[in-house]
Amino acid sequence: MSWGSPEFVLAIIAISTGGWLINNWIRARHGYALEDEWGGKTARAETDQARSLREENAQLRGELGSVKDRLGNVERIVTVGCYHLTTQIEALREPREAMVARKESEVQ
């Protein structure tokens, strides 16, 4: 096949067209705007499903913000009460004999 033959020109056109089709297929599959024959972009029409998903996403983001605030309050409460909890746990870890001896000294 020589460079100037009609088969070579047709092969170049076929490869270019196939590349353009594959490019548009990939873009459509991933939600990007499609290209037309002149390189311009064609926006996808917004469907009811896309609109409802966008609204649900906004609602969930709002809920996530309130959950973060609540979690911050719970963390604050837990860390403040942690000191008292630690002292109570350490009191439970004392050997039983020491507790008995302390109680006997308190009684006398």
Side-chain angles (χ1 to χ4, degrees):
M1 177 178 355
S2 67
W3 293 100
S5 69
E7 294 87 17
F8 183 75
V9 173
L10 290 175
I12 293 294
I13 292 172
I15 290 171
S16 298
T17 304
W20 177 75
L21 288 172
I22 292 171
N23 180 29
N24 275 339
W25 177 74
I26 291 171
R27 293 179 70 83
R29 184 169 184 204
H30 294 288
Y32 293 104
L34 304 178
E35 290 182 4
D36 61 8
E37 297 85 22
W38 307 107
K41 303 287 187 213
T42 305
R44 296 180 71 180
E46 185 172 321
T47 62
D48 291 335
Q49 181 183 12
R51 189 176 304 113
S52 67
L53 287 174
R54 195 170 291 116
E55 290 170 0
E56 182 182 3
N57 190 10
Q59 177 189 3
L60 291 174
R61 284 183 186 268
E63 287 181 26
L64 182 62
S66 67
V67 168
K68 283 182 180 179
D69 293 340
R70 292 173 64 188
L71 182 62
N73 290 335
V74 169
E75 287 176 345
R76 186 176 42 82
I77 291 169
V78 168
T79 55
V80 168
C82 184
Y83 175 74
H84 301 294
L85 182 64
T86 303
T87 56
Q88 290 173 354
I89 290 173
E90 291 303 320
L92 292 173
R93 288 185 180 167
E94 288 182 13
R96 184 151 179 87
E97 297 82 24
M99 289 176 58
V100 170
R102 188 174 51 175
K103 284 185 180 182
E104 288 177 358
S105 65
E106 289 174 2
V107 171
Q108 294 175 0

With E75 via side-chain contact (heavy atoms from CB on, under 4.5 Å) - residues at least two apart: L71
Hits for side-chain contact (heavy atoms from CB on, under 4.5 Å) against E63, two or more places apart or cross-chain, chain-then-number order -> Q59, L60
Can you check whether V74 reaches R70 side chain to side chain, under 4.5 Å on heavy atoms? no
So which residues get pulled into I22's cluster when ILVMFWY side chains under 4.5 Å apart are joined, directly or through others? W25, I26
Side-chain donor-acceptor distances from residues 9-18 under 3.5 Å, at least two apart:
unit_1, atom_1, unit_2, atom_2, d
S16, OG, I12, O, 3.0
T17, OG1, I13, O, 2.9

Nearest 0.5 Å, please: how far is CD in Q49 from CD in E56? 10.5 Å
